[in-house]
Amino acid sequence: MNVTLRQLRVFRSVAEGRNFSRAGDQVGLSQPAVSRSILELESQLGLKLLDRTTREVMLTEAGQSLAARLDRVLDDLDQTLQDVAGLASARGGKVRVASSPTLSANLMPGCIAVCADTAPGIQFLLLDRIQQDVLDSVRSGEVDFGVVIEPSEADDLHCEPILNDPFVLVVPPAHRLAQKTSVRWAALDGQPLVLLDHASGSRRLIDQALEHHGAQCEVKQQLGHPTTVFRMVEAGIGISVMPGMSLPPEGLAQLVVRPLVPRVQRAIMLIRRRNRALSPLAQQVWGIVRDTAALSATAESGATTPVKKPPA
């Protein structure tokens, strides 16, 4: 059955006024067009709705049944459409965003603060989760969108890179590599390492970089939080490769940080379900996160770098 909204509106106008000409004036159609619309509706339903003579238009039993219910149905539909259209101009509501831990700690606070200042009607709700849980939350629709390290599998996701974050070497001051201004990945060969565990989106990229540059290392400890990694390095258990964004803003007083060359970086991305448009409020928060990330990267020379938006 392929009944159109126009056919229903035309029928309601005819049923109310019992006149094809007046119905045409109400809905903006000619009398022949009104007649065609009624005939098409009757054909789709397989029922005669109107008995028409030269002097009057009468509703059949089926027409009376439809007319009696149609007002409420069309009024409800009109209200629903108005409510949905109102979302475009809505200024208040909740937007749920999931983010992996290092990003939650070092990127998202600034984004939430900017949102509170520029869009006070939006309640920015952050879910701080490991990378895989962020991906699962986005795919299930639990959150509006996520902020992650470039995922290995993303065919079902729309991804927008917003930052490039380089990996750095973290060593005790007395370590021989601390004397260099930069350290080649190959120089890590044979070194004991303390790394983030595989729940981190960065670990896969670190392992790939070590293998690519021929650095065979024993991983002494695999940990879930950057602060724990730094304490292990301070204790002399091993040295570490960490994303630059994992470093605290005040720096590491007891450790030395050196750039690794050639530069290897992780891409930080906004992700949402592919072919599922964001609500206007979620789209606004998406833009706030993207723009805030770009500003923070510009302010930190030599560290993270913004990703240029493609031309419209």
Side-chain angles (χ1 to χ4, degrees), residues 98-111 128-135 146-152 154 159-171 177 182-185 187-188 191 193-213 215 217 219-234 238-252 255-271 289-290 292-307:
S99 175
S100 53
T102 58
L103 304 180
S104 294
N106 297 291
L107 173 62
M108 302 312 293
C111 297
D128 181 22
R129 299 179 171 180
I130 62 172
Q131 170 111 346
Q132 187 57 53
D133 288 348
V134 174
L135 295 170
V147 189
V148 297
I149 311 309
E150 52 188 285
S152 56
C159 303
E160 180 179 333
I162 57 172
L163 280 177
N164 291 318
D165 185 26
F167 292 107
V168 296
L169 179 67
V170 180
V171 296
L177 294 178
S182 62
V183 178
R184 300 194 68 80
W185 285 88
L188 303 184
Q191 293 289 323
L193 295 182
V194 179
L195 297 177
L196 294 170
D197 60 28
H198 289 279
S200 164
S202 298
R203 178 59 185 274
R204 170 178 58 88
L205 302 175
I206 293 171
D207 288 348
Q208 289 175 353
L210 290 169
E211 181 180 2
H212 178 74
H213 293 286
C217 307
V219 179
K220 294 291 189 179
Q221 295 290 334
Q222 305 179 68
L223 304 157
H225 198 283
T227 300
T228 312
V229 173
F230 299 143
R231 298 294 85 81
M232 295 282 183
V233 176
E234 288 176 4
I239 63 177
S240 187
V241 176
M242 295 290 285
M245 190 173 284
S246 69
L247 306 176
E250 66 277 9
L252 297 170
L255 299 172
V256 173
V257 178
R258 293 290 181 260
L260 284 162
V261 292
R263 181 184 175 106
V264 177
Q265 58 195 15
R266 61 180 190 167
I268 297 169
M269 298 181 169
L270 298 175
I271 62 168
V289 175
R290 178 191 59 214
T292 303
L295 288 174
S296 66
T298 302
E300 297 182 23
S301 58
T304 54
T305 58
V307 175

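FYI, the numbering just counts along the sequence from 1. Being a predicted model, the structure only gives us computed values, none of them experimental.
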- Note on the structure: Here the gap from Q222 atom CD to H198 atom NE2, rounded to the nearest 0.5 Å, amounts to 4.5 Å

- Message: L163 vs M245, test: side chain to side chain contact (heavy atoms under 4.5 Å, CB included). Steps then yes/no.
- Response: CA-CA 10 Å; L163 280 177; M245 190 173 284; 3.4 Å; yes

- Under the side chain to side chain donor-acceptor pair (under 3.5 Å) test, which residues partner D128, sequence neighbours left out? S104

- Just do the side chain to side chain contact (heavy atoms under 4.5 Å, CB included) check on V229 and M242 with the steps written out, would you? CA-CA 9 Å; V229 173; M242 295 290 285; 3.8 Å; yes

- Using the test side chain to side chain donor-acceptor pair (under 3.5 Å), find all partners of Q191 that sit at least two apart in sequence or belong to another chain. H175

- Query: Heavy-atom distance under 4.5 Å between the side chains of L252 and V233, does that happen here?
  - Reply: no

- Mind checking the CD1-OG spacing from I268 to S202? Nearest 0.5 Å is all I need. 8.0 Å

- What do the steps show when you test H212 against V264 for side chain to side chain contact (heavy atoms under 4.5 Å, CB included), and what is the final call? CA-CA 11 Å; H212 178 74; V264 177; over 6 Å; no

- Query: Just how far is it from atom CG of L270 to atom CZ of R290, taken to the nearest 0.5 Å?
  - Reply: 8.0 Å

- Message: Suppose we screen for side-chain contact (heavy atoms from CB on, under 4.5 Å). Which residues come up paired with E234, at least two apart in sequence or across chains?
- Response: R231, Q254, L255

- Message: Does the plane of the ring in W185 sit parallel, tilted or perpendicular to the ring in F167? Use 30° and 60° as the thresholds.
- Response: perpendicular

- Gap between atom CD of Q265 and atom CG of N164 - 0.5 Å precision: 4.0 Å

- Inter-residue atom distance D165.CG - L103.CG, 0.5 Å rounding: 8.0 Å

- Message: Looking at T227, is its backbone amide N or carbonyl O close enough to the side chain of H225 to form a donor-acceptor pair, meaning the two atoms are under 3.5 Å apart?
- Response: yes

- Message: So does V134 get a backbone contact from the side chain of R129, meaning a donor-acceptor N/O pair under 3.5 Å?
- Response: no

- Message: Less than 4.5 Å apart, side chain to side chain, heavy atoms only: is that true for L210 and L193?
- Response: yes

- Message: Using a 3.5 Å distance criterion without hydrogens, assess whether the side chain of S240 forms a donor-acceptor pair with backbone atoms of V194.
- Response: yes

- Query: Atom CG of L205 and atom CD1 of I149: how far apart are they, to the nearest 0.5 Å?
  - Reply: 8.0 Å

